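First comes the structure, then the notes that go with it.
For ligands, and for the atoms within them, numbers begin at 1 and follow the listed sequence. This one's a predicted model, so the numbers in the text were calculated from it and none came from an experiment.
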Amino acid sequence: MKILVTGGAGFIASNFVRYMLSRYPDVSIVNLDSLTYAGNLENLADLDERRHVFIKGDISSVEDVESVFKKHSFENVVNFAAESHVDRSLHFGAQVFIRTNIAGTQVLLDMSRQYGVKRFVQISTDEVYGSLGNTGKFTEMSTIQPNNPYAATKASADFMVRAAHKSHGLNAVITRCSNNFGPYQFPEKLIPLMIANALENRDLPVYGDGMHVRDWIFVIDHCSAIDLVMRNAEAGSIYNIGSDHDVPNLEIVKLVLKILDKPETLIKHVLDRPGHDRRYAMDSSKIRKDLGWRPAFSFEQAMKKTVDWYLGNRAWLEHIRSGAYMKYYETLYRDRLAKSSS
Ligand code: NAD
Ligand code: DAU
């Protein structure tokens with residue numbers, strides 16, 4: 001089976017490529033990635049080049065995508081490529097999010113139809129549902145109510161995928177997963193950022209009161225769910241993916257400090273993220289019932305594995321933190337801290 005994976009030099013998709021190649025000897029993967037700040041070829045360094053081909057290209061460029069489809073015949077397309085960070089969509093504006101997340105998805109849908117792809121998987125997110133109150137969980141039937149520019153572009157892409165299925169009969173499915181963590185996650189996201197800052201004895205910026213709740217899932221459990229959906233889901237279906245581990249951010253941050261034996265005095269409450277969704281929680285009973293999916297890792301096991309990975313890969317972390325990323329981070333954080341204390 002030949003699969004086109006987009007965004008495969010990023011966090012989740014690089015784990016997915018590794019997951020698929022290690023489990024299925026008959027799978028080969030073409031990985032299309034434009035290598036934005038989040039794309040990192042070091043994430044793919046150990047992969048067998050006979051079964052994994054990397055191509056640098058932009059999913060929003062018809063020319064780039066068509067040249068890949070002309071060269072390869074794909075059974076499945078799994079679209080991970082995205083601008084993935086809420087803070088960037090607020091700090092830099094939505095344009096690049098619209099281009100990649102919406103227009104890029106449309107290019108892939110059109111090309112998949114034109115070249116007879118058998119299954120298109122869109123990797124979406126729980127953020128499309130907006131925020132929950134104190135109780136309840138998101139189901140696949142919850143209203144789509146995105147509250148930040150990133151989430152709005154992901155929701156728009158979901159609608160284009162739905163339209164490609166309904167209007168043109170493309171065999172497309174959508175997965176909506178909660179917050180991932182694990183190896184290779186870019187250290188702008190909560191868990192790797194807190195690990196990296198704690199290791200350097202830097203402040204750990206917690207937005208607002210830190211009582212915003214997210215449902216944390218180990219990246220490998222997300223990968224196993226995508227695999228099942230790709231192989232077995234009914235055309236046009238949508239699946240929520242979550243691990244029922246709903247925790248306030250502050251608890252996550254304190255746990256990181258505890259594992260690393262660092263003091264809680266490193267925690268700094270800073271100005272809240274605008275439009276910050278208060279609580280996410282996923283009802284993933286549909287994928288459990290229909291496809292028999294279960295998370296294989298406990299939260300504690302997965303956190304230990306994750307922290308160990310970052311400890312064992314200090315060069316990977318330092319490479320990123322010695323580049324342009326830290327300049328952006330300092331600006332963002334300085335800004336939040338200044339506004340917070342005024
Ligand atoms: P990431 O930012 O780590 O990786 C994104 C990858 O996409 C990078 O390698 C980047 O170079 C590539 N990319 C960006 N724009 C591109 C373009 N125009 N053309 C080709 N490649 C491009 O992201 P991630 O956290 O691994 O997320 C992957 C997908 O999963 C995204 O679609 C995201 O919305 C979704 N998702 C993420 C989470 C999470 O917790 N991280 C949860 C649910 C869903
Ligand atoms: O829910 C799924 C989404 O999870 C994905 O769709 C996104 O691609 C992914 O980036 C992630 O979005 P979040 O905005 O939830 O991720 P982040 O790690 O940035 O933030 C997690 C929570 O932690 C959120 O409530 C904001 C808070 N936070 C984050 C950072 C970076 C802090 O308090 N301090 C921080 O420095």
Side-chain angles (χ1 to χ4, degrees), residues 5-16 31-41 43-44 55-61 64-65 78-90 96-97 99-101 103-105 107-108 122-129 131 138 146 148 150-151 153-154 157-158 175-182 184-194 197 203-217 219 222 226 240-242 247-250 252-253 267-273 275-280 282 329 332-333 336:
V5 167
T6 67
F11 162 49
I12 303 174
S14 64
N15 278 287
F16 181 73
N31 180 348
L32 176 67
D33 193 304
S34 62
L35 297 180
T36 66
Y37 76 95
N40 185 349
L41 289 177
N43 298 357
L44 306 165
I55 299 175
K56 186 170 188 296
D58 184 339
I59 62 162
S60 67
S61 153
D64 284 5
V65 176
V78 189
N79 181 29
F80 291 89
E83 285 295 333
S84 69
H85 203 208
V86 176
D87 286 329
R88 283 179 189 258
S89 75
L90 296 162
V96 67
F97 286 73
R99 195 165 65 239
T100 290
N101 299 2
T105 299
V107 170
L108 292 168
Q122 173 68 4
I123 306 303
S124 185
T125 166
D126 59 0
E127 297 222 4
V128 300
Y129 298 123
S131 190
F138 296 125
N148 61 67
Y150 158 73
T153 60
K154 292 297 288 186
D158 284 9
T175 61
R176 295 187 180 138
C177 189
S178 60
N179 283 65
N180 285 223
F181 66 100
Y184 302 102
Q185 185 167 31
F186 194 86
E188 66 186 346
K189 308 286 164 58
L190 183 73
I191 291 179
L193 175 64
M194 297 301 143
N197 279 13
D203 292 343
L204 272 50
V206 170
Y207 298 165
D209 63 2
M211 295 314 286
H212 303 79
V213 172
R214 297 292 182 268
D215 174 359
W216 293 95
I217 183 172
V219 64
H222 186 188
I226 295 167
N240 281 356
I241 304 166
V247 192
N249 295 334
L250 201 52
I252 297 284
V253 174
I267 294 174
K268 279 274 176 308
H269 288 271
V270 300
L271 186 73
D272 208 349
R273 176 188 275 176
H276 198 178
D277 290 329
R278 193 65 176 168
R279 189 171 77 90
Y280 299 159
M282 289 296 257
Y329 169 77
L332 185 75
Y333 179 39
R336 284 188 194 283

Judging by distance only, is a nitrogen or oxygen of [X] under 3.5 angstrom from one on ligand 1?
X      : value
Asn180 : yes
His222 : no
Ile59  : yes
Leu32  : no
Asp58  : yes
Asn179 : no
Phe80  : yes

Atoms in ligand 1 with a heavy atom of Ile123 nearer than 4.0 Å: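 Those of ligand 1 that fall under 4.0 Å from Ile123 are 30 (O), 32 (O), 35 (C).
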Subset of ligand 1 atoms that lie under 4.0 Å from at least one heavy atom of Thr100: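 Matching atoms, with element in brackets: 15 (N), 16 (C), 17 (C), 18 (N).
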Can you pull out the closest protein heavy atom to [atom]? Residue, atom name and distance to 0.1 Å, please.
atom                    : answer
atom 17 (C) of ligand 1 : Ser34 OG, 3.3 Å
atom 25 (O) of ligand 1 : Phe11 CD2, 3.7 Å
atom 33 (C) of ligand 1 : Tyr150 OH, 3.6 Å

Pi-cation contact, Tyr37 with Arg88 (under 6.0 Å, within 45°):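 Yes, a cation-pi geometry holds between Arg88 and Tyr37.
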Stacked cation flag Arg176 on Phe138, 6.0 angstrom / 45 deg: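 Negative - Arg176 is either too far from the ring of Phe138 or too far off its axis.
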Please classify the [X] to ligand 1 contact at 4.0 Å (heavy-atom distances, strictly less than): side chain, backbone, both or neither.
X      : result
Leu35  : backbone
Arg99  : neither
Phe186 : neither

Electrostatic pair Arg273:Asp87 at N-O distance under 4.0 angstrom: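 Looking at Arg273 and Asp87, the cut-off is met.
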Sidechain N-carboxylate O distance under 4.0 Å for Asp209, Arg278: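 Yes, charged N to carboxylate O under 4.0 Å.
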Determine, using heavy atoms of [X] and all atoms of ligand 1, whether some pair is separated by less than 4.0 Å.
X      : value
Asp33  : yes
Cys177 : yes
Ser61  : no

Atom pairs and distances, ligand 2 N/O vs protein N/O under 3.5 Å:
{"unit_1": "ligand 2", "atom_1": "1 (O)", "unit_2": "Asp126", "atom_2": "OD1", "d": "2.5"}
{"unit_1": "ligand 2", "atom_1": "1 (O)", "unit_2": "Asn179", "atom_2": "OD1", "d": "2.8"}
{"unit_1": "ligand 2", "atom_1": "4 (O)", "unit_2": "Asn179", "atom_2": "ND2", "d": "3.2"}
{"unit_1": "ligand 2", "atom_1": "6 (O)", "unit_2": "Thr125", "atom_2": "OG1", "d": "2.7"}
{"unit_1": "ligand 2", "atom_1": "6 (O)", "unit_2": "Tyr150", "atom_2": "OH", "d": "2.6"}
{"unit_1": "ligand 2", "atom_1": "8 (O)", "unit_2": "Ser84", "atom_2": "O", "d": "2.8"}
{"unit_1": "ligand 2", "atom_1": "8 (O)", "unit_2": "Tyr150", "atom_2": "OH", "d": "3.0"}
{"unit_1": "ligand 2", "atom_1": "10 (O)", "unit_2": "Ser84", "atom_2": "O", "d": "3.1"}
{"unit_1": "ligand 2", "atom_1": "12 (O)", "unit_2": "Glu127", "atom_2": "OE2", "d": "3.1"}
{"unit_1": "ligand 2", "atom_1": "14 (O)", "unit_2": "Arg273", "atom_2": "NH1", "d": "2.6"}
{"unit_1": "ligand 2", "atom_1": "14 (O)", "unit_2": "Arg273", "atom_2": "NH2", "d": "3.3"}
{"unit_1": "ligand 2", "atom_1": "15 (O)", "unit_2": "Asn179", "atom_2": "ND2", "d": "2.9"}
{"unit_1": "ligand 2", "atom_1": "18 (O)", "unit_2": "Leu190", "atom_2": "N", "d": "2.7"}
{"unit_1": "ligand 2", "atom_1": "19 (O)", "unit_2": "His85", "atom_2": "NE2", "d": "2.7"}
{"unit_1": "ligand 2", "atom_1": "19 (O)", "unit_2": "Arg273", "atom_2": "NH2", "d": "3.0"}
{"unit_1": "ligand 2", "atom_1": "23 (O)", "unit_2": "Asn249", "atom_2": "ND2", "d": "3.3"}
{"unit_1": "ligand 2", "atom_1": "25 (O)", "unit_2": "Arg214", "atom_2": "NH2", "d": "3.4"}
{"unit_1": "ligand 2", "atom_1": "25 (O)", "unit_2": "Asn249", "atom_2": "ND2", "d": "2.9"}
{"unit_1": "ligand 2", "atom_1": "25 (O)", "unit_2": "His276", "atom_2": "NE2", "d": "2.7"}
{"unit_1": "ligand 2", "atom_1": "33 (O)", "unit_2": "Tyr207", "atom_2": "N", "d": "2.8"}
{"unit_1": "ligand 2", "atom_1": "34 (N)", "unit_2": "Pro205", "atom_2": "O", "d": "2.8"}
{"unit_1": "ligand 2", "atom_1": "36 (O)", "unit_2": "Pro205", "atom_2": "O", "d": "3.3"}

Phe16 CZ to Ile226 CD1 distance, which is reported to the nearest 0.5 Å: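 It is 6.0 Å, given to the nearest 0.5 Å.
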Aromatic ring pairing His276/His212, orientation class (parallel under 30°, perpendicular over 60°, tilted between):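 Because their plane-to-plane angle is under 30°, the rings of His276 and His212 count as parallel.
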Backbone N/O of Gly8 and side chain of Asn31: donor-acceptor pair under 3.5 Å: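 Here the side-chain-to-backbone pair exists.
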Donor-acceptor pair, side chain of Asn148 and main chain of Tyr150, under 3.5 angstrom: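 Answer holds: yes.
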